[in-house]
> 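Next up is a structure, given as structure tokens.
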Amino acid sequence: NAGVTQTPKFRVLKTGQSMTLLCAQDMNHEYMYWYRQDPGMGLRLIHYSVGEGTTAKGEVPDGYNVSRLKKQNFLLGLESAAPSQTSVYFCASSYGGLGYNEQFFGPGTRLTVL
Amino acid sequence: QQQVKQSPQSLIVQKGGISIINCAYENTAFDYFPWYQQFPGKGPALLIAIRPDVSEKKEGRFTISFNKSAKQFSLHIMDSQPGDSATYFCAAYLYSGNTGKLIFGQGTTLQVKP
């Protein structure tokens with residue numbers, strides 16, 4: 001099992017460009033999450049999904065959109081990238097949504113917006 | 001009130017020493033407290049977790065101490081090894097509405113010197 005995979009690993013964008021980050025999991029998990037990690041700020045939840053076809057906002061959703069058309073995939077979109085979106089993005093998945101349901105993280109995507 | 005405050009930001013320990021990382025929270029509705037370990041270039045991975053009705057949990061060299069009245073919890077790494085060098089995040093789980101979210105601390109970068 002590959003677990004949680006993320007595509008691409010690295011990306012450089014110019015301000016105003018758009019892009020989509022892809023997350024895939026092969027564990028048949030219902031819940032999926034997108035986080036961003038910035039120095040000194042830990043991981044902050046951007047959006048999450050509790051099942052196929054559902055999405056919801058997290059702590060820092062502005063400037064991002066998501067879609068969960070298939071259970072195994074969770075896409076994060078940046079419509080018009082800004083330098084403030086320079087970050088490392090992590091996708092995670094879990095079987096359930098309760099605290100004891102371990103979240104499994106992907107390897108991350110390092111995004112730089114110039 | 002949803003914050004989890006983690007300290008120190010960085011920590012250097014000699015091999016064989018004890019590493020201690022502290023976290024504090026305000027919201028008494030948090031009901032699960034995991035710790036995640038992250039190696040450079042990798043995603044976070046669950047290390048150990050504790051419920052608020054337990055004062056201590058030990059797994060090998062890793063121990064969580066939990067003080068519910070003080071709203072504080074800490075990670076102790078006994079006999080620290082160079083292989084423990086990583087970033088550690090505490091987190092707290094908050095169940096709200098029909099789902100829950102993990103709130104992460106700011107992270108602690110641990111370096112264990114040989």
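Order of the sequence lines fixes the chain letters, A, B, ..., with proteins taken first and strands second; residue numbering starts at 1 for each chain.
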> Between B/F33, B/Y95, B/F89, which shows the greatest number of heavy-atom pairs under 4.5 Å with chain A?
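Of the candidates given, the most pairs with chain A belong to B/F89.
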> For chain B, which residues from residues 102-114 of chain A lie under 4.5 Å away (heavy-atom distances)?
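Residues of residues 102-114 of chain A touching chain B at under 4.5 Å: A/E102, A/Q103, A/F105, A/G106, A/P107.
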> Give a yes or no on whether A/E79 atom CD has more than 12 heavy-atom contacts from other residues, nucleotides or ligands under 6.0 Å away.
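Open.
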> Do B/I103 and B/F66 land in one hydrophobic cluster if side-chain heavy atoms of ILVMFWY residues count as linked below 4.5 Å?
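Yes: a chain of side-chain contacts under 4.5 Å links B/I103 to B/F66.
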> Do B/V13 and B/I21 share a hydrophobic cluster (ILVMFWY, side-chain heavy atoms under 4.5 Å, transitive)?
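The answer is yes; both residues are in one hydrophobic cluster.
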> Pull out the residues in residues 91-101 of chain A that come under 4.5 Å of chain B, heavy atom to heavy atom, sorted by number.
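Against chain B, the residues of residues 91-101 of chain A that fall inside the cut-off (heavy atoms, under 4.5 Å) are A/G97, A/L98, A/G99, A/Y100.
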> Mind checking whether A/Y35 and B/L102 have side chains closer than 4.5 Å, heavy atoms only?
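Sidechains of B/L102 and A/Y35: in contact.
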> Can you list the residues of residues 53-72 of chain A that sit under 4.5 Å from chain B, counting heavy atoms only?
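Expected list: A/K57, A/E59.
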> Does atom CE of A/M27 have more than 12 heavy-atom neighbours from other groups under 6.0 Å away?
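Yes - once you tally the heavy atoms of other residues, nucleotides and ligands closer than 6.0 Å, there are more than 12.
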> According to a hydrophobic-cluster definition based on side-chain heavy atoms being under 4.5 Å apart (Ile, Leu, Val, Met, Phe, Trp, Tyr only), do A/I46 and A/M19 belong together?
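Yes, because A/I46 and A/M19 connect within a single hydrophobic cluster, where side-chain heavy atoms sit under 4.5 Å apart.
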> Contact part of B/L94 toward chain A, heavy-atom cut-off under 4.5 Å: side chain, backbone, both or neither?
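For B/L94, there is no contact with chain A at all, as no heavy atom is under 4.5 Å.
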> Please determine whether residues B/F73 and B/L110 belong to a single hydrophobic cluster, defined as Ile, Leu, Val, Met, Phe, Trp and Tyr linked transitively by side-chain heavy-atom distances below 4.5 Å.
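Per the 4.5 Å side-chain linkage, B/F73 and B/L110 are co-clustered.
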> Hydrophobic cluster membership, with links at side-chain heavy-atom distances under 4.5 Å among I/L/V/M/F/W/Y: are B/V4 and B/Y93 in one?
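No: no chain of side-chain contacts under 4.5 Å links B/V4 to B/Y93.
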> If you count the non-hydrogen atoms of other residues, nucleotides and ligands that lie under 6.0 Å from CD in A/Q17, is the total more than 12?
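Yes - once you tally the heavy atoms of other residues, nucleotides and ligands closer than 6.0 Å, there are more than 12.
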> Does anything in residues 37-64 of chain B reach chain A? List residues with heavy atoms under 4.5 Å apart, or say none.
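Listed by number: B/Q38, B/G41, B/K42, B/G43, B/P44, B/L46.
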